[in-house]
Amino acid sequence: MKGTALNSMAREFMESLISAILDERGNYIFVSKPWTDYLNLPAEQVLGRNVLEIVPDSLGMEVLRTGQPVTAHRVMHNGVPAFTTYLPRKNKDGQVCGVFLYVVVDGISNARDMIRQMEVMANEVDYYKEELSRERGARYGLDSIIGSSPAILRMKDQIVQAAKSSSTVLIEGETGSGKELIAHSIHSLSARRSANFVRVNCSAIPGELMESEFFGYTSGAFTGALKKGKPGRFELANGGSIFLDEVNLLTPTIQPKFLRVLQEMEIDPVGSDKPKSVDVRVIAATNIPLENLVREGKFRSDLYWRLNVIRIQAPPLRERKEDIPALTENVIQRLNTQLGMVVQGVSSGVLKLFQQYDWPGNVRELQNAIESAMNMAKTPVLQVHDFERLVQRVNSDHRRAGNGEGSHFLKNTKQDYERDVLRDALESCGGNKAMAARALGISRTVLYRKLNQYGLK
């Protein structure tokens with residue numbers, strides 16, 4: 001296309017916009033008809049004058065000074081808002097010799113439409129950022145760890161201290177004791193909290209796939225490999241944290257490669273001859289003390305010492321039974337939301353039952369027991385008979401211990417249940433004993449005898 005035709009088209013384009021051109025001093029040397037309409041001034045009163053005389057809010061002089069473009073800057077003229085973009089003009093030597101400027105949006109109505117669209121876009125960005133954070137970030141924080149026992153308070157203090165560092169953390173504890181909550185809390189409190197938190201259950205990865213899963217692979221690395229290759233878990237966690245649950249199940253062949261990652265912060269993707277640098281904080285968890293596995297020759301001692309820089313022990317539930325009431329309330333609240341129920345709590349007899357049991361499955365077993373009872377209960381407050389299997393386990397434990405307390409405990413729990421039922425019936429009947437007896441399906445004589453038996457008035 002010839003230069004004259006191109007110049008004609010460019011001028012036609014500029015004339016169609018709310019646009020203007022400034023010289024090196026910031027004076028108008030071109031204004032379009034839409035621009036003069038917007039200013040409500042004839043062109044002859046604008047050309048040759050400085051931009052700040054016409055539009056005091058203009059950034060034209062600032063762009064001349066800095067040489068940097070400005071996009072959609074809001075200005076006001078005669079009470080009418082406009083969003084103006086400024087582009088520096090440069091000569092052959094690269095020196096700023098003027099400014100192109102054009103209005104992106106003008107008028108209150110158009111400005112409001114743009115602002116609404118921007119708000120929608122901002123809300124969408126915030127939503128997807130939140131979804132991404134939920135998917136790739138830590139889901140739980142320190143407040144998710146329920147309890148105020150000395151063991152829990154000590155552990156929370158260790159979590160806060162560990163979050164200040166980037167050193168490797170080893171979390172030890174029984175199954176169901178909350179090791180993953182500890183890992184989430186460390187990441188969410190750390191300087192890496194805005195980066196990825198990658199969770200890996202080592203027991204779920206077959207031994208022959210561990211290398212490619214953890215370190216990734218390049219194109220054509222093996223039959224069936226993706227054409228573009230695939231990043232490994234360590235690469236996905238770059239800049240953030242990786243949580244290795246059940247790290248005790250790492251195969252003997254993969255352990256030395258993990259050691260190299262921890263020592264050099266480099267990974268070797270399968271099929272690549274070039275290592276990749278990574279910046280990852282490793283948080284590992286095990287339900288079997290690694291020290292025992294080292295003594296048995298099942299875990300490398302050098303890898304153990306690299307993992308065991310900061311060690312946190314998750315206390316079992318049997319060692320913090322004073323936390324059971326708070327844990328029970330929290331579990332019921334969460335399950336009410338998840339299951340659409342309105343369970344109000346548990347009776348005192350149930351709490352006594354919980355205290356009698358050692359909870360080998362820890363908090364996870366407690367949640368399972370409560371959820372099972374909630375699905376079978378017929379009253380808003382869970383009673384001892386709603387935990388039939390748990391009562392059986394408690395009595396079985398007592399019989400195995402040979403302390404003769406099994407039948408005695410069962411008798412006590414039944415009495416606790418009966419007392420709770422009587423008290424609830426009296427309260428619901430406003431203290432009217434005749435009504436309470438009818439509601440319970442017993443005679444008033446039996447009711448009076450039971451009330452005297454349990455000291456209820």
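Note that this is a predicted model, so its numbers are computed, not measured.
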task: For salt bridge (Lys or Arg N to Asp or Glu O under 4.0 Å), just list the numbers for D323 and R320, CA-CA rounded to whole Å, side-chain angles, deciding distance to a tenth of an Å, and then say yes or no.
output: CA-CA 6 Å; D323 291 330; R320 58 181 190 104; 3.0 Å; yes
Between the main-chain N or O of [Y] and the side-chain N or O of [X], is there a donor-acceptor pair closer than 3.5 Å?
| X | Y | result |
| --- | --- | --- |
| Q255 | L303 | no |
| S165 | A162 | no |
| D93 | Q95 | no |
| S272 | P269 | no |
| Y86 | L59 | yes |
| D23 | G98 | no |
| T286 | P289 | no |
| K179 | G173 | yes |
| S144 | Y140 | no |
| S185 | G141 | yes |

What's the separation between atom [atom1] in [X] and atom [atom2] in [Y], rounded to the nearest 0.5 Å?
| X | Y | atom1 | atom2 | answer |
| --- | --- | --- | --- | --- |
| K298 | L250 | NZ | CG | 15.0 Å |
| I146 | N330 | CD1 | CG | 4.0 Å |
| S347 | L351 | OG | CG | 7.0 Å |
| S58 | L22 | OG | CG | 6.5 Å |
| N395 | Q392 | CG | CD | 8.5 Å |
| N292 | N248 | CG | CG | 11.0 Å |

Exercise: do [X] and [Y] side chains pair donor with acceptor under 3.5 Å:
| X | Y | result |
| --- | --- | --- |
| N368 | R364 | no |
| N308 | R311 | no |
| N362 | S177 | no |

Would you call [X] and [Y] a side-chain contact if the rule is heavy atoms closer than 4.5 Å?
| X | Y | value |
| --- | --- | --- |
| L101 | L87 | no |
| I18 | T84 | no |
| T168 | W305 | no |
| E180 | R199 | yes |
| N336 | M374 | yes |
| L290 | V247 | yes |
| H184 | H187 | no |
| V198 | V200 | yes |

Going by an N to O cut-off under 4.0 Å, is there a salt bridge joining [X] and [Y]?
| X | Y | result |
| --- | --- | --- |
| K276 | E266 | no |
| D268 | R260 | yes |
| D358 | K321 | yes |
| E174 | R318 | yes |
| K156 | D143 | no |

Testing the basics here: between [X] and [Y], what is the closest heavy-atom pair and its distance to 0.1 Å?
| X | Y | result |
| --- | --- | --- |
| L382 | A377 | CD2-CB, 3.4 Å |
| I332 | V343 | CG2-O, 3.5 Å |
| N201 | E246 | OD1-OE2, 3.4 Å |
| S167 | R281 | O-NE, 2.7 Å |
| I283 | S241 | CD1-CB, 4.4 Å |
| T85 | A72 | OG1-N, 3.1 Å |

message: Just to verify, which of I310, I186, I171 counts as forming a side chain to side chain contact (heavy atoms under 4.5 Å, CB included) with I159?
response: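 Between I159 and the candidates, side chain to side chain contact (heavy atoms under 4.5 Å, CB included) is satisfied uniquely by I186.
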message: Are F83 and H73 an aromatic pair, judged by ring center distance below 6.0 Å?
response: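 Centroid distance H73-F83: not below 6.0 Å, so no.
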- prompt: How about F234 and F258: are their ring centroids closer than 6.0 Å?
  reply: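 Ring centroids of F234 and F258 are less than 6.0 Å from each other.
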task: Please identify each residue that fulfils side-chain hydrogen bond (donor to acceptor under 3.5 Å, both in side chains) with D245, with sequence neighbours left out.
output: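 With sequence neighbours excluded, D245 shows a side-chain hydrogen bond (donor to acceptor under 3.5 Å, both in side chains) to no residue whatsoever.
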query: Please, which pairs that meet ring pair (Phe, Tyr, Trp, His ring centres under 6.0 Å) have at least one residue in residues 352-373, sequence neighbours excluded?
result: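 Passing the test, one end in residues 352-373: F354-W359, F354-F387, Y357-W359.
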message: When you measure from the centre of the six-membered ring of Y28, is the NZ or CZ of R49 closer than 6.0 Å and no more than 45° off the axis?
response: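 No; the conditions do not both hold, so R49 does not lie above the ring face of Y28.
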message: Evaluate D302 against R306 for salt bridge (Lys or Arg N to Asp or Glu O under 4.0 Å), listing each step before the verdict.
response: CA-CA 6 Å; D302 47 6; R306 292 297 302 180; over 6 Å; no
query: Should the heavy atoms of other residues, nucleotides or ligands under 6.0 Å from CD of Q355 be counted, would the total exceed 12?
result: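 Buried by this count: over 12 neighbours within 6.0 Å.
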